[in-house]
2 protein chains.
Amino acid sequence: MEREMVDLCEVICIHEESVNEVRREMITEDTSRSLAEIFKTLGDPTRVKLLFALMKKELCVCDLAAVIGASESAVSHQLRILRTQQLVKFRREGKMLYYSLADKHVERLFEQGLEHVTE
Amino acid sequence: MEREMVDLCEVICIHEESVNEVRREMITEDTSRSLAEIFKTLGDPTRVKLLFALMKKELCVCDLAAVIGASESAVSHQLRILRTQQLVKFRREGKMLYYSLADKHVERLFEQGLEHVTE
DNA sequence: TGGACATATGAACAATCACTCATATGTTAA
DNA sequence: TTAACATATGAGTGATTGTTCATATGTCCA
């Protein structure tokens with residue numbers, strides 16, 4: 001099926017060598033999906049603000065809501081997404097959950113992202 | 001209005017000092033939006049594949065469509081988004097447009113992203 | 001145990017998205 | 001100029017998203 005497609009397009013405009021060359025080194029379907037998922041998770045202002053706040057300090061849900069100016073429910077929903085992507089972790093202390101960054105990757109991603117934004 | 005909110009929540013659960021401390025160093029609304037926008041742009045498998053392909057080689061729309069297995073129209077639409085975000089550039093050669101990465105930021109972002117994915 | 005509180009979760013809904021299909025634009029060659 | 005082609009763009013559509021509101025869970029304290 002893939003072969004047919006190449007052959008079909010080839011007669012029109014494809015540079016076969018280039019296409020095959022790039023195809024050989026191409027990212028897998030799974031990897032591109034995982035990568036996109038991480039970036040999509042970072043692709044929302046609320047989550048960006050949450051992560052940025054957590055870069056400074058471990059905070060509970062209520063604090064996070066106050067810092068970024070969103071409802072606690074909205075924050076909780078977004079934290080769930082960040083947890084699912086392993087971007088944040090938390091520890092319980094009494095009734096409260098203290099959230100923090102799971103690792104240093106987010107900070108580096110933000111640095112790179114900001115470099116692009118402020119270019 | 002913000003003061004009221006702090007005061008209101010404070011009586012319940014806020015750690016005032018932490019909140020104020022983090023707030024003082026907080027990212028601006030504009031920056032968080034721009035940052036989110038870049039990440040959102042990277043947050044789609046089709047665009048990830050397009051950018052990954054362009055990391056290897058300059059390619060025309062038709063080649064890109066063949067490499068990632070999408071319609072030329074879909075590719076064109078996604079390239080427009082990448083162009084808007086200044087992630088790719090292009091040059092015309094006859095009827096064809098050759099696309100390439102606008103800078104090296106994307107590669108570094110992908111590296112960081114992959115580190116997180118394959119952790 | 002029961003009530004208060006911090007947080008989580010589910011349903012619902014408006015907004016946004018990525019695709020397809022049809023059509024438009026811009027370039028080359030006859 | 002006209003035909004052919006590479007690409008771009010607009011409208012339409014089903015799917016996904018982020019929020020709110022209502023309710024559930026889990027912990028502490030009286």
Side-chain angles (χ1 to χ4, degrees), chain A residues 8-15 18-19 32-33 36-51 54 58-85 88-100, chain B residues 8-15 18-19 32-33 36-51 54 58-85 88-100:
Chain A
L8 184 66
C9 286
E10 191 189 341
V11 265
I12 310 181
C13 76
I14 282 207
H15 304 78
S18 291
V19 169
S32 62
R33 191 170 10 204
E37 214 169 331
I38 283 297
F39 287 128
K40 191 189 287 183
T41 303
L42 299 178
D44 172 77
T46 300
R47 291 191 290 270
V48 165
K49 284 184 262 177
L50 286 175
L51 292 168
L54 293 176
E58 176 189 63
L59 292 164
C60 73
V61 176
C62 184
D63 290 343
L64 281 168
V67 167
I68 75 169
S71 76
E72 292 172 34
S73 179
V75 168
S76 190
H77 275 294
Q78 298 310 325
L79 284 171
R80 190 164 64 84
I81 294 173
L82 296 175
R83 253 185 292 142
T84 303
Q85 294 292 319
V88 300
K89 56 183 165 54
F90 64 94
R91 67 181 177 84
R92 182 178 281 282
E93 192 169 301
K95 287 179 249 181
M96 288 185 292
L97 297 180
Y98 285 90
Y99 280 85
S100 54
Chain B
L8 183 67
C9 287
E10 191 189 339
V11 265
I12 311 180
C13 76
I14 282 207
H15 304 78
S18 291
V19 169
S32 63
R33 190 171 10 204
E37 213 170 333
I38 282 297
F39 286 129
K40 189 189 286 184
T41 302
L42 300 177
D44 173 77
T46 299
R47 290 192 290 268
V48 165
K49 283 184 264 179
L50 287 175
L51 292 168
L54 293 177
E58 175 189 64
L59 291 164
C60 72
V61 176
C62 184
D63 291 341
L64 282 167
V67 167
I68 74 169
S71 76
E72 293 172 33
S73 178
V75 168
S76 190
H77 275 294
Q78 297 311 321
L79 284 172
R80 190 164 63 85
I81 293 172
L82 295 175
R83 251 184 294 142
T84 304
Q85 295 293 320
V88 301
K89 56 185 163 56
F90 63 94
R91 66 182 177 84
R92 183 178 281 282
E93 190 169 301
K95 288 180 248 181
M96 289 186 292
L97 297 180
Y98 286 90
Y99 280 85
S100 54

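Reckoned from all heavy atoms, side chains included, excluding hydrogens, waters and symmetry mates.
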Participant: Measure from CD on B:Glu37 to C1' on D:dT17 and round the result to the nearest Å.
Facilitator: 16 Å

Participant: CD of A:Glu72 to SG of A:Cys60: how many Å apart, nearest 0.5 Å?
Facilitator: 8.0 Å

Participant: Roughly how many Å is it from CZ in B:Phe39 to P in D:dT17, rounded to a whole number?
Facilitator: 18 Å

Participant: Could you give the CD1-to-P distance, from A:Ile14 to D:dT7, as a whole number of Å?
Facilitator: 10 Å

Participant: Measure the spacing between CD1 of A:Ile38 and CG of B:Leu42 and express it to the nearest 0.5 Å.
Facilitator: 12.0 Å

Participant: From CG of B:Leu79 over to P of D:dA8, roughly how many Å is that when rounded to an integer?
Facilitator: 7 Å

Participant: Within the 4.0 Å limit for protein heavy atoms, which parts of nucleotides 22-30 of chain D are touched? Write it as a string from 5' to 3', B for base, S for sugar-phosphate only, - for none.
Facilitator: B----BS--

Participant: Under 4.0 Å: is that the gap between some side-chain N or O of A:Ser71 and OP1 or OP2 of D:dT20?
Facilitator: yes

Participant: Centroid distance below 5.5 Å plus an interplanar angle below 30 degrees: do A:His77 and D:dT19 meet both conditions?
Facilitator: no

Participant: Using side chain to side chain contact (heavy atoms under 4.5 Å, CB included), reason through A:Met96 and A:Tyr98 one step at a time and then give a plain yes or no.
Facilitator: CA-CA 6 Å; A:Met96 288 185 292; A:Tyr98 285 90; 3.5 Å; yes

Participant: Which whole-number value in Å describes the distance from A:Lys49 NZ to D:dG18 P?
Facilitator: 13 Å

Participant: Tell me the interatomic distance from A:Leu82, atom CG, to D:dG18, atom P, rounded to whole angstroms.
Facilitator: 10 Å

Participant: Taking atom P of D:dA8 as reference, at what distance in whole Å does atom CG of B:Leu50 sit?
Facilitator: 12 Å

Participant: Stepwise, does the side chain to side chain contact (heavy atoms under 4.5 Å, CB included) test hold for B:Leu64 with B:Leu79?
Facilitator: CA-CA 10 Å; B:Leu64 282 167; B:Leu79 284 172; 4.0 Å; yes

Participant: With a 4.0 Å cut-off on heavy atoms, is B:Tyr99 in touch with a base, just the backbone sugar-phosphate, or nothing at all?
Facilitator: sugar-phosphate

Participant: Out of C:dT20, D:dA8, C:dT7, which nucleotide sits closest to the side chain of A:Glu72?
Facilitator: C:dT7

Participant: With rounding to the nearest 0.5 angstrom, report the CD1 to CG distance, B:Ile81 to B:Asp44.
Facilitator: 7.5 Å

Participant: To the nearest angstrom, how far is A:His15 atom NE2 from D:dC5 atom P?
Facilitator: 16 Å

Participant: Detail all sub-3.5 Å separations between protein N/O atoms and N/O atoms belonging to nucleotides 15-18 of chain C.
Facilitator:
unit_1, atom_1, unit_2, atom_2, d
C:dA18, OP1, B:Arg47, NH1, 3.3
C:dA18, OP1, B:Arg47, NH2, 2.7
C:dA18, OP2, B:Arg47, NH1, 3.2

Participant: Quantified as the angle between the terminal helix axes (five pairs each), what is the overall bend of the helix from C:dT1-D:dA30 to C:dA30-D:dT1 to 10 degrees?
Facilitator: 20°

Participant: Is there a donor-acceptor pair closer than 3.5 Å between any side-chain N or O of B:Thr84 and the backbone N or O of B:Arg80?
Facilitator: yes

Participant: Using only atom types and a distance under 3.5 Å, with no angle test, would you say the side chain of B:Thr41 pairs donor to acceptor with the backbone of B:Glu37?
Facilitator: yes

